Structure formats: structure tokens, C-alpha cells
Amino acid sequence: MAQGTDIRTWFRGAWHEGSIPIMHSADHGAWMGTMVFDGARMFERRAPDLDAHCERVNRSAEALGMRPTVTVEAMVELILDGLQTYGPRAAVYIRPMYWSLEPGPGFITADPESTAFAICLEEVPMPPASASATLTTTRYHRPTLHVATVNAKASCLYPNNQRMMLEAIAKGFTNALVADAHGNVAETATSNIFMVRDGEVFTPIANGTFLAGITRARHIGLLRAAGRKVHETTLTFDDFRAADEVFMTGNLAKITPVTAFDDVRYELGPVIRQARELYWDWAHSLAAVPATAPRAEPAQTATPGRG
Ligand code: PMP
């Protein structure tokens with residue numbers, strides 16, 4: 001993360017202070033892109049859905065032909081251990097990662113038994129509740145499973161999202177509303193997307209081409225439990241133009257109101273406020289992440305933008 005500070009890294013059986021070297025020039029993943037990651041969060045000393053993020057990184061590794069080396073239970077334990085020394089107000093981005101060290105059959109594949117693992121923890125503040133986003137269209141689409149490893153949260157998918165983001169920023173917006181291969185709305189370059197019409201909530205149905213996120217599933221569950229109708233269905237760009245409210249969901253900010261899609265403007269309405277409240281109430285109901293006394297100073301200066 002660009003703003004990450006107070007970085008801690010788990011690598012080869014120990015926690016290290018700072019953003020440390022974890023790859024070698026001949027590591028298979030370093031040049032073949034066989035690398036997966038997941039992003040979880042600790043904020044207000046809660047780590048929502050940490051187990052689901054750990055499960056997903058193991059599934060992502062398998063989707064790229066790697067054998068995950070850490071069980072979900074062990075990964076959760078490790079992460080809780082690493083989080084202990086962050087201060088009570090620290091918001092931490094939690095990133096477990098796997099990559100391949102050796103080539104397998106045919107040379108470009110990964111030897112599944114040569115999987116390396118690291119966890120990077122970085123202090124990244126939660127965006128303020130007042131934060132919002134603006135969206136525009138992009139010429140770049142989500143790929144399908146036939147042409148990309150969309151069944152994994154894989155680093156090699158993100159250059160496509162990066163060019164969507166660059167195009168949106170060049171047009172004066174903060175993110176892109178992205179189509180799937182059929183031209184229907186899939187997600188944004190960094191998050192899942194929801195819209196509200198006449199008090200009912202709609203989000204693109206998971207069709208295997210975009211990351212149907214853990215935060216998306218959590219919001220759907222919480223809204224339904226609160227009696228709100230949530231439809232997972234095919235949605236067009238015109239559906240979004242006709243929406244009353246639009247919001248993004250993802251691990252980093254949990255929920256972000258959208259105030260504009262090109263020249264269409266949206267209010268920060270009652271459903272967004274309800275979804276935010278439901279998420280925070282649920283997060284506060286979770287057991288607190290145990291804390292020891294915070295460290296006075298990191299032993300080594302963090303390197304912003306590295307991870
Ligand atoms: N789509 C993309 C492209 C993402 O990068 C993310 C963030 N991980 C999401 C959706 C949201 O997924 P999650 O809620 O699991 O973080």
C-alpha cells in the first residue's frame with residue numbers, strides 16, 4: 001500500500017520489522033507472475049472475516065497450481081499474533097501472499113511443492129466516513145475464466161484493473177464502473193458495486209468473471225437479516241444511471257458511497273447509511289483482537305509503497 005507505515009512481515013518462521021526482501025531473482029513467481037494475495041483488515045481492534053480471507057488465499061494458490069503451505073487456522077493465529085503490538089487506534093491492512101519458487105512441468109508452470117509464503121501487515125488508516133467515490137466507464141473489461149485466472153485473487157489480474165483506474169483518473173473520476181465480457185456491470189477496478197432503487201438493493205450476480213468479495217457477501221447477509229430486499233442479478237449501465245443510491249464494498253474501506261457516475265449524481269441516502277451502520281455494529285460484536293503493549297518505535301523504518 002502506498003500509504004502503509006509501521007510495516008511488519010512474517011517470512012520463514014518469524015516476524016520482521018519493516019518491508020523486507022522476500023523474493024530472489026530466480027524465484028519462479030518473480031518473473032512468471034505466479035503470485036496470489038488476499039487483503040483483510042484490523043480496525044477498532046476487530047478483524048472481520050479474517051478466516052474467510054485466509055481461506056480465499058489458499059484457494060487462490062490452488063487455482064494457480066500452487067500447494068498452500070499454511071492452514072487457515074494457523075494463518076489466523078499468525079496474523080492475530082502479528083497484530084498484537086499495534087496500538088489501539090491502528091488500522092492495519094493484512095496481506096497474506098503465496099508465490100512459487102521453482103518451475104514445474106513444462107517450465108512455465110509452478111512446482112506446486114515450491115510455494116513460498118509471507119504475511120505483510122501495514123498500518124493504513126480507514127478512510128473517513130465522509131469519503132466518497134466518483135465513477136466513469138472504461139474501455140477495459142473483466143476477462144473470463146477462458147482467458148485469465150479469475151477464480152483467484154491473483155496479482156497477475158491487477159494490471160488490467162490498473163489501466164481501468166488510470167483511464168478513470170485521466171477522465172477526472174476516482175474509479176471505473178467495469179463491464180464483464182457480455183457488457184453488463186461487473187464491479188469497479190478495486191471493489192464490488194451495489195445500487196439501490198425504490199428501497200431495494202441490487203448487485204451484479206456472481207458469474208465467475210469478477211471477484212465476488214467477502215465484504216460483498218457480508219453486506220448482503222446483514223442487509224437481508226435486517227429485512228432489506230437484496231437482488232443478485234444482471235445489471236446494465238443504464239440500471240446504474242437510474243439508481244437512487246450507489247455504493248462500493250471491499251475490504252479496505254468496507255463501504256464507500258458513490259456520488260457520481262459520469263454526469264449522473266447520487267445522494268448519500270438512507271440505505272447506504274443503514275448498510276454502514278449494520279456493518280460497524282456487526283464488526284463491534286466480534287471478539288477484540290488481543291493487544292500487548294504497543295511498541296514505542298518500529299525497529300526499522302517502513303518503506304512506503306512497498307509490500
Ligand atoms: N473486486 C476487486 C477487483 C478487488 O480488488 C476487491 C478487493 N479485494 C474486491 C472486489 C472486494 O473484495 P473483498 O470484499 O473480498 O475485499
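Each ligand, and each atom within it, is numbered from 1 in the order the structure gives. Predicted model, so just to flag it, every value in this text is computed and none were measured.
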Within 4.0 Å of some non-hydrogen atom of G213, the atoms of ligand 1 are 12 (O), 13 (P), 14 (O), 15 (O)
Q.
Please tell me whether W15 and D81 have a donor and an acceptor in their side chains that are separated by less than 3.5 angstrom.
A. yes
Logged contact type for Y158 with ligand 1, heavy-atom cut-off 4.0 Å, is side chain
heavy-atom search around atom 1 (N) of ligand 1 in the protein gives E187 OE1, 2.6 Å
query = Is H219 reaching over with its side chain to a backbone N or O of K254, donor-acceptor style, under 3.5 angstrom?
reply = yes
Would the number of heavy atoms belonging to other residues, nucleotides or ligands and lying under 6.0 Å from CD of E267 be above 12?
-> no
- Please determine if N161 has a nitrogen or oxygen closer than 3.5 Å to a nitrogen or oxygen of ligand 1. no
N/O separation below 3.5 Å, I214 to ligand 1
yes
Heavy-atom donor-acceptor pair, N175 side chain to L135 backbone, under 3.5 Å
no
Can you find a non-hydrogen atom of S191 under 4.0 Å from ligand 1? yes
Checklist entry - Can you find an N/O atom of N251 closer than 3.5 Å to an N/O atom of ligand 1? => result yes
R56 versus ligand 1: do any nitrogen or oxygen atoms come within less than 3.5 Å of each other?
yes
For T215, the atoms of ligand 1 under 4.0 Å from one of its heavy atoms are 13 (P), 14 (O), 16 (O)
| field | Ion pair check, E245 and R273, cut-off under 4.0 Å | value | no
Q. Would you find a donor on one side and an acceptor on the other, under 3.5 Å apart, between the side chain of D180 and the backbone of H182?
A. yes
Please test N58 against Y98 for side chain to side chain donor-acceptor pair (under 3.5 Å), starting from the C-alpha separation and ending with a verdict.
CA-CA 8 Å; N58 278 6; Y98 286 112; 2.7 Å; yes
Here the atoms of ligand 1 under 4.0 Å from any heavy atom belonging to A189 are 3 (C)
For atom 8 (N) of ligand 1, the closest protein heavy atom turns out to be K153 NZ, 2.8 Å
Surrounding NZ of K171 (heavy atoms of other residues, nucleotides or ligands, distance under 6.0 Å), is the total greater than 12? yes
Can you tell whether the side chains of E17 and R8 come within less than 4.0 Å, N to carboxylate O? yes
closest protein heavy atom to atom 11 (C) of ligand 1 is N192 OD1, 3.6 Å
Q.
Considering both backbone and side-chain atoms of H53, is one of its nitrogen or oxygen atoms within less than 3.5 Å of a nitrogen or oxygen in ligand 1?
A. no
Atom 4 (C) of ligand 1 has as its nearest protein heavy atom T190 O, 3.3 Å
